[in-house]
Number of protein chains: 2
Amino acid sequence: MQNTLETIKSIYPLKEVHLQLLLQELKAVELPKNHVIIMAGKVERSLYFIEQGVARAYVEGRDNRITFWFGMEGDIILSYHSYINNTPGYENIDLLENCKLYELKTEILETLYNSHTELANWGRKLAELILIKTEESYIGRLFKPAKERYIDLLQTDPLLIQRIPLGYIASYLGVTQVTLSRIRAEIK
Amino acid sequence: MQNTLETIKSIYPLKEVHLQLLLQELKAVELPKNHVIIMAGKVERSLYFIEQGVARAYVEGRDNRITFWFGMEGDIILSYHSYINNTPGYENIDLLENCKLYELKTEILETLYNSHTELANWGRKLAELILIKTEESYIGRLFKPAKERYIDLLQTDPLLIQRIPLGYIASYLGVTQVTLSRIRAEIK
DNA sequence: TTCATTTTTTAACATTTGTAAAAAGCCAGC
DNA sequence: GCTGGCTTTTTACAAATGTTAAAAAATGAA
């Protein structure tokens, strides 16, 4: 559980006692490629640490699917609405590879938050880190054109791109696959 | 300080003791229209509750400014990067009206978080609420076209629109002002 | 390898949106 | 009520992106 352990520790420094409180609640699960792990409109009672594999989040548009997040080793799969409010979210998350995950019930987390200041701060830090990442991709998407963002992606996540169909990447960049092809032809 | 008090209470229920710990750190400030309260590239050491007035956040593009947030009574002005990491952010926030604000130093907040579980959970809830709002506008922007989002805005914030120049709203919707004019002509 | 399936690219054309500049509308101060 | 400055709309044209369809390339299983 190397990746998951790293993730948990890197969020907020925890004493061994509190770390163990979290770890003992994790449950290893293996799920196949194409499995839909989070469904829009459904309250999800767990979050998942990605130990191995790739996942992607998307929303259903009127006549298309829009991908807005990719996760890989060290990332966390969760529906914010479910995690935070116990209300259904609007995103679907599916697995693009066979995955090894560690599951954690949100209900248990809530209990831990209320009984340990350290864990409450760990939870605060988790929300804050996700918030910053979300804001970064939000803002990046605002003022950089698709071409530039694709080049950024190539530089920051060259490996990720090879694991993901181009159609999803195009959607993530906010253009059609045809346009992404044009971009690729152009920068070659 | 009606609006600010409401905001603080609605984030997470606090006992009177803890509420007072927060309130006694607030400092009333009045700032004029057009004042730039958060500057990109600068670490900001305070956050501000909007008691009265309107603010907007934007990033500088290569040759334009992109507005991505409006705040009014009951909202909170903060630079997430500064608030969370003590690192400079990329957004500017300026005031679109003369404003009454309550200032709170982030350093003080940090101290409170580490000494009171209730306040740590208040801080967690704050991050979580902002996260959900950010995700909502992120996703909304992804799969709804500008026209639809404008109609949504008209319905959810009819008053806000009257307080904000159309050029900023166009930017917020991700189109030029010319396109927004076309949209307005179309739905009339 | 070979065949079938999926993914990616290319092409032609339609549509949308942007750009720049002019016109119209609105408001504050004289 | 008029004037000057600011905001919003309109126009004509240009550029970018989408749509649809087909070809080409890549992938994977037998």
Would one find more than 12 heavy atoms of other residues, nucleotides or ligands at under 6.0 Å from atom CD of E107(A)?
no
Could you check how far NZ of K147(A) sits from C1' of dA15(D), rounded to whole Å?
14 Å
Return the value, rounded to whole Å, for the distance between atom CG of N64(A) and atom P of dG18(D).
11 Å
Leading and trailing nucleotides of DNA chain C with any atom under 4.0 Å from heavy atoms of chain A
dT8(C) to dA12(C)
How close or far is atom P of dC6(D) from atom NZ of K33(B), stated in whole angstroms?
12 Å
L180(A) CG to dG18(D) P: how many Å, rounded?
11 Å
What is the distance from CD1 of I183(B) to C1' of dT8(D), rounded to the nearest Å?
14 Å
5'-most contact on DNA chain D: G174(A) or I164(B), nearest heavy atom basis?
I164(B)
Any sub-3.5 Å donor-acceptor pair from E103(A)'s side-chain atoms to Y48(A)'s backbone N or O?
no
So what does R182(A) touch, heavy atoms closer than 4.0 Å: a base, only the sugar-phosphate, or nothing?
base
Starting from C1' on dT8(D), measure out to CD1 on I161(B) and report it in whole angstrom.
15 Å
Return yes if some donor-acceptor pair links the side-chain N/O of Q52(A) with the main-chain N/O of L101(A) below 3.5 Å, else return no.
no
When we call it a touch if two heavy atoms are under 4.0 Å apart, what does T179(B) touch: a base, just sugar-phosphate, or nothing?
sugar-phosphate
Within a 6.0 Å radius of atom CD on E136(B), are there more than 12 heavy atoms belonging to other residues, nucleotides or ligands?
yes
Decide, yes or no, whether a salt bridge links E91(B) with K42(B) under the criterion of side-chain N to carboxylate O below 4.0 Å.
no
Donor-acceptor pair, distance only, cut-off 3.5 Å: does the side chain of E51(A) make one with the backbone of E73(A)?
no
Can you measure I169(B) atom CD1 to dT8(D) atom C1' for me and round it to whole angstrom units?
12 Å
Which sits closer to the 5' end of DNA chain D, P145(A) or V178(A), going by the nucleotide each is nearest to?
P145(A)
Is there a side-chain contact between S181(B) and the phosphate of dT10(D), meaning an N or O under 4.0 Å from OP1 or OP2?
no
Test item: N92(A) side-chain N/O and A40(A) main-chain N/O as donor-acceptor pair under 3.5 Å:
yes
